[in-house]
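The chain is numbered in sequence order, starting from 1.
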Amino acid sequence: TADRVDEYLQQYRGEHNIRTTWQARERIVVGLTGGPEGRTLIRRASRMAAKGSGSEILAVYIARSDGLTSASPKELAVQRTLVEDVGGTFHHVIGDDIPAALLEFARGVNATQIVLGSSRRKTWQYIYGPGVGATVARESGPDLDVHIVTHEEVAKGRGLPIARGARLGRARIIWGWLVGVVGSVLLSLLLRSLENGPGLANDVLLFLFLTVAAALLGGLRPALASAAVGVMLLNYWFTPPTHTLTVQDPENFVAIVIFFAVAVAVSSVVDLAARRTHQAARLRAESEILSFLAGSVLRGETALDALLERVRETFAMESVALLERTSDVDPWTCAGSVGPAPVARPDDADVDMPVGDNMALALSGRVLPAEDRRVLGAFAAQAAVVLDRQRLVSEADRARRLAEGNRIRTALLAAVSHDLRTPLAGIKAAVSSLRSDDVAWSPEDEAELLEGIEDGADRLDHLVGNLLDMSRLQTGTVTPLIREIDLDEVVPMALGGVPEGSVDLDIPETLPMVAVDPGLLERVVANVVENAVKYSPGGERIVVAASALGERVELRVVDRGRGVPDEAKERIFEPFQRYGDAPRGAGVGLGLAVSRGFAEAMGGTLDAEDTPGGGLTMVLTLTAAPGRAQAGAALPAGATS
């Protein structure tokens, strides 16, 4: 009911373009950064969800839209598994503005709470902004509760994001130009406003500081522009003769030249260090991805969809498809895909990675830089391996099923050739004797021959019935009609095929009713009791007793035969299995297999236990019907004799 109400609520909010949160149930969104603190946040959200019935956990990782993610793929995989273990779901969202993307996701899923970790920034790093947690808390509004959870990684700093190392981003480049060019102009105005300036040497150092800052923020080009603007401003405003671009004192000319050379050298070194840092971070990310792929090969993972989803998350794509064809002239077919609207041909994709001659990995969403194709090639090769492994596993399962079918057919042929022919031979001999004109049969002899015909026909009917029941179980066509009934209404009827006086029946009148199919239950009890009578020594009576255990009812069939060893207790329930030296005419070995199949179809179980003192006990466990215990009907006189 809650799910249906929630579905209608989501539909109504979508039709009326409602973006605020309507609190139908607690939905807790956990914001993950890919760092080790994510495990703490997930467990904290799990404890919060456990306080309310029907609460949901949605873990979301927001990646930037440019290239490889800055998070560790291995750590994200661990956190994804942890989320699923606590009953939540993992989501991957693309967004350059992380606070806005997180709030948009939370409002889109009608979340009521957001769990974030305390910032890993060091104190001085707050000059770049308040951070994700503070921004989300400020902009969440009154309909979303934001929880900031402390953890062991607080204030330990975080590494340079890979995407920013490769491409500094528009914001950083703009700040580099502003600091390098506009900052130099503002600095010159400030120095001109002072009556007694700090001197040319200090002016050069101040302009050099702005050039280094421009290199740190925007890279080499803003730093070179800052150096050029700084040289012109120093020459025009602070080097005699002022207001001209000429230099009177050679020492001042040397100072300006040295300033420009130092500015270019420092900015080049800073830019080179930034690129080296990016390369190291990128290689680390690539090595972790390749290590994950190698580990998946060793672990034998065969989930193609999971691998394609990893490709989509890693490269921030909209959809990924693995395409294949049998030859160069045949059309492409899709072996697996993730994401909306996957392409049908490699030519239609934004990025395609061939795998051999007739297979390709096709990605849609954006064009990848050349440096990403090396990792993409490893993913494509792994996808081909996973697809081959899936097909091998499928072929192995098919071969196993064929082998099982062949084994059953072989056993069936053996049963037909011997066990079914034995009663047929007896019936044929009796009928031929009765029709013979050479012998005058007495009424007693005729009655004996007719009894033999009836016994053979009953045996044939029993064997054919078990064969038909096993075929129904094998094809999954058994559909039980469950209703509430007393055991003492069914069990006595199932004892009609056993000799009179061979069974002691003990079913209390206070026993609760059971929810079963009466016809299937009668077949189960009949097969189990007949099997127990067959293997019991002469003179030993079978005990059929029932008892209630909570919401279950147990029916025990106890014999005093030679029993079955523990290693063979499960094997006796397999089709066409007869334990020990059972006579060939005793049946085809389907009785217990059919009984267990019918018991499981009714939601029960059938197991074998040792009888204390020797023998075998079959335990049939059934589901008790809800409500009070029902009084049983009176038992027939012969049932307990």
Side-chain angles (χ1 to χ4, degrees), residues 10 13 17-49 51-52 55-66 69-71 79 83 88 90-161 163-164 168-175 178-179 217:
Q10 291 282 37
R13 295 176 70 245
N17 197 24
I18 299 173
R19 303 300 299 165
T20 58
T21 298
W22 286 9
Q23 298 183 4
R25 68 169 71 185
E26 291 292 337
R27 280 194 176 89
I28 305 174
V29 172
V30 183
L32 302 178
T33 64
E37 77 280 359
R39 307 182 196 182
T40 303
L41 303 184
I42 294 170
R43 293 188 177 95
R44 175 64 174 172
S46 176
R47 292 197 298 270
M48 294 169 58
K51 296 179 180 179
S55 300
E56 296 182 17
I57 300 176
L58 301 92
V60 57
Y61 171 70
I62 300 175
R64 299 184 182 274
S65 60
D66 47 357
T69 61
S70 60
Q79 294 178 14
V83 170
F90 183 90
H91 303 268
H92 185 275
V93 176
I94 305 298
D96 292 322
D97 189 344
I98 294 179
L102 181 60
L103 289 172
E104 181 71 18
F105 174 83
R107 293 191 175 103
V109 299
N110 202 28
T112 57
Q113 302 182 59
I114 299 178
V115 176
L116 299 174
S118 298
S119 178
R120 286 185 289 159
R121 291 182 174 187
K122 295 183 181 297
T123 303
W124 63 270
Q125 290 179 315
Y126 281 95
I127 62 175
Y128 297 115
V132 174
T135 304
V136 170
R138 184 180 67 247
E139 299 178 0
S140 62
D143 53 347
L144 276 173
D145 296 334
V146 180
H147 304 266
I148 305 298
V149 179
T150 186
H151 50 83
E152 296 180 354
E153 304 296 324
V154 174
K156 291 186 178 181
R158 52 189 303 177
L160 182 67
R164 290 193 173 192
L168 295 176
R170 181 178 301 176
R172 284 191 59 175
I173 294 176
I174 292 175
W175 274 107
L178 290 176
V179 170
L217 290 174

Any side-chain heavy atom of [X] within less than 4.5 Å of one from [Y]?
X	Y	answer
Val136	Ile114	yes
Gln79	Leu32	yes
His147	Met48	yes
Ile148	Val146	yes

Point to revise | Phe105 ring center near His91 ring center (under 6.0 Å) | key: yes
Exercise for review: Output yes when a side-chain donor or acceptor of Arg44 lies under 3.5 Å from a complementary backbone atom of Thr150, and no otherwise.
Suggested key: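 Not confirmed, Arg44 side chain does not pair with Thr150 backbone.
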Can you name the nearest heavy-atom pair linking [X] to [Y], along with the distance?
X	Y	value
Leu144	Gln113	CD2-N, 4.1 Å
Ile57	Ser46	CD1-CA, 3.4 Å
Ile28	Ala49	CD1-N, 3.7 Å
Ala111	Val29	CB-CG2, 3.5 Å
Ala45	Val115	CB-CG2, 4.4 Å

Check your understanding: Looking at CD of Glu139 and OG1 of Thr135, how far apart are the two atoms once the value is rounded to the nearest 0.5 Å?
Key -> 6.0 Å
Check your understanding: Who pairs with Phe90 by ring-ring contact (aromatic ring centres under 6.0 Å, His included), at least two apart in sequence or on another chain?
Key -> none
Practice item. Would you sort out whether Val149 and Ser118 count as a side-chain contact (heavy atoms from CB on, under 4.5 Å), showing the intermediate values? Key: CA-CA 6 Å; Val149 179; Ser118 298; over 6 Å; no
Practice item. From the options Leu102, Val30, Val83, select the one residue that forms a side chain to side chain contact (heavy atoms under 4.5 Å, CB included) with Val60. Key: Leu102
Study note, to complete from the structure: Residues at least two apart in sequence or cross-chain that pass salt bridge (charged side-chain N to carboxylate O under 4.0 Å, His left out) with Arg39, listed by chain then number, are Glu75
Review point. Between Thr33 and Glu37, does any side-chain donor sit less than 3.5 Å from a side-chain acceptor?
Key: yes
